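The chains referred to below are lettered A, B, ... by the order of the sequence lines, with proteins before strands, and numbering in each begins at 1. Given the structure is predicted, the values throughout are model-derived calculations rather than measurements.
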Number of protein chains: 2
Amino acid sequence: MKVINHIREVRQRKGITQIKLAEDLQVTRQTINAIEKNKYNPSLELSLKLAEYLDVPFTSLFYLDKSEENAE
Amino acid sequence: MKVINHIREVRQRKGITQIKLAEDLQVTRQTINAIEKNKYNPSLELSLKLAEYLDVPFTSLFYLDKSEENAE
DNA sequence: ATTATATGTAAATATATCTTTACATCTTGT
DNA sequence: ACAAGATGTAAAGATATATTTACATATAAT
């Protein structure tokens, strides 16, 4: 069961660059890029910071993909 | 800034053992124990599964400790 | 006291998350 | 065309998360 995130959409809607988001959250730009490109999931701590920073409900930013009920 | 979790309290309130929780979520009992004892944070995927399984709002189960604003 | 169940913990190992450095590509404006 | 800013990506290394096995302690019931 995979995790879906809507970071890119929310970030772009707010006119924020990956660079600014990374700097403000004290991670590297590559980390933001990798997460947006679904290379891996953010840690719980970073996830909470992202939702807070982007000012959206946590579960609208991250949720489980129910279509892959049986998948790895 | 650390992550606070209320897994133990919610789990006990529901009368669920670490063993059952671990089995139902397909992780080991040691993983549940370590998370409850704050050895480390759950992954984002496991965090989402925990909130769903325990049937509580995500941000009432996990949140950032604002009292450690400047701490590592 | 003994048994059963639940919880705590440790070491070794595997995989996931994140950083650093570096270079490539894309887009937009001039 | 050129430059500047934004994004994509890769390899090597560090730290975090999770498993496996094993043993210890706690608690409650009989």
Side-chain angles (χ1 to χ4, degrees), chain A residues 1-56 58-59 61-66 68-72, chain B residues 1-56 58-72:
Chain A
M1 192 154 36
K2 291 205 173 312
V3 177
I4 305 283
N5 83 68
H6 290 142
I7 295 170
R8 169 154 307 184
E9 306 151 55
V10 176
R11 176 179 62 76
Q12 287 181 336
R13 197 167 67 225
K14 305 218 167 197
I16 300 167
T17 66
Q18 288 182 350
I19 296 168
K20 175 159 177 50
L21 180 54
E23 282 172 351
D24 287 348
L25 295 185
Q26 312 221 68
V27 295
T28 64
R29 177 179 70 77
Q30 286 81 347
T31 293
I32 299 298
N33 188 274
I35 292 166
E36 287 190 354
K37 302 291 280 183
N38 290 296
K39 305 291 187 192
Y40 50 75
N41 294 321
S43 67
L44 176 56
E45 179 173 354
L46 181 51
S47 300
L48 287 165
K49 288 178 180 170
L50 280 161
E52 175 177 286
Y53 182 89
L54 293 173
D55 194 29
V56 290
F58 190 92
T59 49
L61 194 55
F62 302 105
Y63 52 83
L64 292 167
D65 181 4
K66 293 319 183 68
E68 302 204 13
E69 210 70 51
N70 314 337
E72 139 272 7
Chain B
M1 193 156 34
K2 291 206 174 309
V3 176
I4 305 283
N5 83 69
H6 289 143
I7 295 169
R8 167 154 308 185
E9 305 152 55
V10 176
R11 176 179 64 76
Q12 288 181 337
R13 197 167 67 225
K14 305 218 167 197
I16 300 167
T17 66
Q18 288 182 349
I19 297 167
K20 174 159 176 54
L21 180 54
E23 283 172 351
D24 287 348
L25 294 184
Q26 313 222 66
V27 295
T28 65
R29 178 179 70 78
Q30 285 80 345
T31 293
I32 299 298
N33 188 273
I35 292 165
E36 287 189 354
K37 302 292 280 184
N38 290 296
K39 304 293 186 190
Y40 49 75
N41 295 321
S43 67
L44 175 56
E45 179 174 353
L46 181 51
S47 301
L48 288 166
K49 288 178 181 171
L50 280 162
E52 175 177 286
Y53 182 90
L54 293 172
D55 195 30
V56 290
F58 190 91
T59 48
S60 79
L61 194 55
F62 302 105
Y63 52 83
L64 292 167
D65 182 4
K66 292 320 183 65
S67 73
E68 301 204 13
E69 209 70 52
N70 315 337
E72 139 273 1

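Comparing the helix axis at one end of the helix from dA1(C)-dT30(D) to dT30(C)-dA1(D) with that at the other, each defined from 5 consecutive pairs, gives an inter-axis angle of 40° (nearest 10°).
By the side-chain hydrogen bond (donor to acceptor under 3.5 Å, both in side chains) test, Asn33(A) pairs with Gln18(A), sequence neighbours left out. Scored by the side-chain contact (heavy atoms from CB on, under 4.5 Å) test, Ser60(B) finds Val56(B), Pro57(B) as partners (sequence neighbours excluded). Partners of Arg8(A) under the side-chain hydrogen bond (donor to acceptor under 3.5 Å, both in side chains) rule, at least two apart in sequence or in another chain, are Glu36(A). Scanning for side-chain contact (heavy atoms from CB on, under 4.5 Å) contacts around Asn5(A) gives Ile7(A), Ile35(A), Asn38(A), Phe62(A), with sequence neighbours left out. When the side-chain hydrogen bond (donor to acceptor under 3.5 Å, both in side chains) test is applied to Gln12(B), no partner is found at least two apart in sequence or on another chain. For Glu9(B), the side-chain contact (heavy atoms from CB on, under 4.5 Å) partners are His6(B), not counting sequence neighbours. In this structure Lys20(B) satisfies the side-chain hydrogen bond (donor to acceptor under 3.5 Å, both in side chains) test together with Asp24(B), sequence neighbours excluded. The side-chain contact (heavy atoms from CB on, under 4.5 Å) check on Ser43(A) picks up Glu45(A), Leu46(A), with sequence neighbours excluded.
Contacts between residues 13-27 of chain A and DNA chain C, defined by a heavy-atom separation under 4.0 Å, are made by Gln26(A), Val27(A).
Along DNA chain C, the nucleotide nearest Leu44(A) and the nucleotide nearest Gln12(B) are compared for position; the residue whose nucleotide lies closer to the 5' end is Gln12(B).
Distances shorter than 4.0 Å separate none of the side-chain N or O atoms of Arg11(A) from OP1 or OP2 on dA6(D). Distances shown here put every side-chain N or O of Asn33(A) at or beyond 4.0 Å from the OP1 or OP2 atom of dT7(D). Within the structure, every side-chain polar atom (N or O) of Lys39(A) is placed at least 4.0 Å from both OP1 and OP2 of dT17(C).
We find that CD1 of Ile35(A) is positioned 13 Å from P of dG8(D), with the value rounded to whole Å. Between Lys37(B) atom NZ and dA24(D) atom C1' there is a gap of 14 Å when expressed in whole angstrom units. Distance Glu36(B) CD to dT17(D) P: 16 Å, rounded to the nearest Å. The nearest whole Å value for the distance from the CZ atom in Arg8(B) to the C1' atom in dT7(C) is 7 Å. One atom, CD of Glu45(A), and another, P of dT19(C), lie 11 Å apart when rounded to the nearest Å. Nucleotide dA18(D) holds its C1' atom 13 Å from the CG atom of Leu50(B), rounded to whole Å. Here dT19(C) presents its C1' atom at 13 Å from CG of Leu46(A), a figure rounded to the nearest Å.
Residues Arg11(A) and Leu21(A) share a closest heavy-atom pair of CD-CD2, 3.7 Å.
The side chain of Tyr40(B) approaches dA18(D) more closely than any other nucleotide in the set dC18(C), dA18(D), dT7(C).
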For every nucleotide of nucleotides 20-30 of chain C, 5' to 3': is a protein heavy atom under 4.0 Å from its base (B), only from its sugar-phosphate (S), or from neither (-)? BBB--------
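Within the structure, no pair that satisfies the ring pair (Phe, Tyr, Trp, His ring centres under 6.0 Å) test touches residues 21-52 of chain B, not counting sequence neighbours.
The distance from the CD1 atom of Ile32(B) to the CD atom of Glu23(B) is 11.0 Å, given to the nearest 0.5 Å. With rounding to the nearest 0.5 Å, the separation of CG in Leu44(B) from CZ in Phe58(A) is 5.0 Å.
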